[in-house]
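Inspection log for the structure reproduced underneath, given as structure tokens.
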2 protein chains.
Amino acid sequence: MNDSQDFGDFLHSMGGAALGAWLRRLSDRVDREAGRVYDEAGVEFEQRWFGLLNQLALHGASSVGQIASALGVSHVAVSQVRATVEKAGLVISEADPNDRRSRTLRLTPRGQQLYLEMAPLWEKLALSAVELDREAGGVVHALARLERALDRRSLADRVNRKGSR
Amino acid sequence: MNDSQDFGDFLHSMGGAALGAWLRRLSDRVDREAGRVYDEAGVEFEQRWFGLLNQLALHGASSVGQIASALGVSHVAVSQVRATVEKAGLVISEADPNDRRSRTLRLTPRGQQLYLEMAPLWEKLALSAVELDREAGGVVHALARLERALDRRSLADRVNRKGSR
DNA sequence: GGGATATGAGTAAGGACTTACGGATTCGTC
DNA sequence: GACGAATCCGTAAGTCCTTACTCATATCCC
């Protein structure tokens with residue numbers, strides 16, 4: 001009946017500190033199931049590659065740092081993925097002539113071809129995600145709001161301001 | 001204006017397949033910030049320990065498997081945490097006399113004491129989580145609904161039923 | 001009662017991130 | 001123009017989880 005009361009109960013029994021663990025559990029689950037989709041479709045593709053490839057396909061050649069900030073991950077994560085997709089022949093990288101610290105990545109022909117081949121599958125994945133989101137009553141928006149709330153004030157900050165009593 | 005249209009756009013540009021990555025990013029963030037809370041409070045505690053300790057404190061002695069299913073993680077994760085909290089002297093374990101395959105865990109006096117010491121901090125963490133959830137318009141409920149939606153039908157299943165065209 | 005099967009837990013290895021640090025440029029200012 | 005600070009990227013190591021495999025004990029069934 002009283003939803004926010006229920007929720008408080010939930011958080012107290014689960015432990016407020018368990019929010020992170022819960023998010024991780026769900027993320028693992030979604031990633032794992034996406035991986036299964038690729039396996040069942042018989043394609044050699046890792047979910048981890050998606051963000052980088054998608055970024056290059058949508059926005060053309062980009063640097064490691066650009067991709068990292070677009071995806072919201074560390075440059076290290078991008079760098080690691082770059083190494084594997086480059087080894088797989090999907091991407092090439094070369095030093096930016098204007099700034100030789102920076103490395104410019106772009107899809108190879110083979111990468112472009114793979115992207116096109118994968119497109120229908122990703123489309124179905126996106127449709128499924130929309131469907132899930134609808135059934136879940138707008139998780140995606142809720143997550144975006146959570147992210148903004150954390151931007152406004154960090155968890156640590158919120159805890160500290162609860163007083164030291 | 002049309003929210004679900006916006007959302008579809010979002011998912012198409014982000015890529016539906018990015019949902020998992022996004023959840024992971026948020027989980028990392030929440031966990032990291034929780035870790036900062038412990039550091040700033042000057043306590044030697046790892047967020048990873050919380051689930052196991054909380055379970056033992058709330059439900060008394062339990063087996064590895066019981067804790068794993070209560071927390072929704074693999075028994076391996078519990079086993080790993082057990083090893084470290086046992087080494088830290090917070091928990092003891094002994095073979096269950098009724099079923100010697102099973103290992104029964106319980107808090108040591110020191111573990112109980114730590115639990116009591118941490119309680120105010122966790123309370124503040126829980127309050128902060130409630131606050132965040134309110135600002136985010138009910139993420140927790142949304143996540144629970146997402147989980148149920150995935151239980152009803154897996155992502156792979158949903159994708160497969162989108163037809164192979 | 002004994003052999004096949006199931007179940008609880010542990011170890012090893014791996015996946016997707018992270019932080020910490022180091023190397024190579026570039027920038028900014030004197 | 002050079003010296004220190006800032007920036008881009010890479011490697012190493014660590015975190016928190018997972019799956020795959022193995023061992024030991026329990027259970028089932030004839």
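Every chain is numbered from 1 and lettered A, B, ... according to where its sequence line falls, protein lines coming before strand lines.
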Write down the distance between [atom1] ([X]) and [atom2] ([N]), rounded to a whole number of angstrom.
{"X": "R32(B)", "N": "dG14(D)", "atom1": "CZ", "atom2": "P", "value": "18 Å"}
{"X": "Q80(B)", "N": "dT15(D)", "atom1": "CD", "atom2": "C1'", "value": "10 Å"}
{"X": "E94(A)", "N": "dC9(D)", "atom1": "CD", "atom2": "C1'", "value": "16 Å"}
{"X": "R101(B)", "N": "dT27(D)", "atom1": "CZ", "atom2": "C1'", "value": "8 Å"}
{"X": "L52(B)", "N": "dC16(D)", "atom1": "CG", "atom2": "P", "value": "13 Å"}
{"X": "R103(A)", "N": "dA24(C)", "atom1": "CZ", "atom2": "C1'", "value": "12 Å"}
{"X": "R100(B)", "N": "dG10(C)", "atom1": "CZ", "atom2": "P", "value": "15 Å"}
{"X": "Q47(A)", "N": "dA16(C)", "atom1": "CD", "atom2": "P", "value": "9 Å"}

Is the shortest distance from a Lys or Arg side-chain nitrogen in K162(B) or E131(A) to a carboxylate oxygen in the other one below 4.0 Å?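 Judged by the 4.0 Å cut-off on N to carboxylate O distance, K162(B) and E131(A) do form a salt bridge.
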Heavy atoms only, 4.0 Å cut-off, all strands: where does V73(A) land among base, sugar-phosphate and nothing?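 Sugar-phosphate: the residue V73(A), judged by heavy atoms under 4.0 Å, touches backbone atoms but no base.
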Remember a base hit wins even if backbone is also touched, and classify R82(B) as base, sugar-phosphate or nothing at under 4.0 Å, heavy atoms. sugar-phosphate
DNA chain C: D28(B) or S102(B), which has the more 5' nearest nucleotide?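 First, find each residue's nearest nucleotide; the 5'-ward one identifies S102(B).
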Between N98(A) and R24(A), which has a closest nucleotide on DNA chain C that is more 5'?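 The residue closer to the strand's 5' end, by nearest nucleotide, is R24(A).
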dC9(D) pyrimidine/purine six-ring stacking with H75(A), under 5.5 Å and 30°: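 Aromatic stack with dC9(D) present for H75(A).
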Would you please test R158(B) and E135(A) for side-chain contact (heavy atoms from CB on, under 4.5 Å) and show each step? CA-CA 12 Å; R158(B) 288 165 192 269; E135(A) 286 182 35; 2.8 Å; yes
Quick one: on DNA chain D, does R48(B) or P97(B) contact a more 5' nucleotide (nearest heavy atom)? R48(B)
So do D31(A) and R29(A) actually touch side chain to side chain, heavy atoms under 4.5 Å?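 A side-chain contact is absent here, since even the closest heavy-atom pair is not under 4.5 Å.
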Looking only at side-chain N and O atoms, does S74(A) come under 4.0 Å of OP1 or OP2 in dC17(C)?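 No, outside the criterion.
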Just to confirm, is there a sub-4.0 Å distance from OP1 or OP2 of dG8(C) to any side-chain nitrogen or oxygen of S63(B)?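 No, no such contact exists.
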Hey, does the side chain of R82(B) reach the backbone of S93(B) with a donor-acceptor pair shorter than 3.5 angstrom? no
Are Y115(A) and W49(A) an aromatic pair by the rule of ring centers under 6.0 Å? no
Picking from dT11(D), dC17(D), dA26(D), which would you name as closest to the side chain of D99(B)?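 Nearest nucleotide to the side chain: dA26(D).
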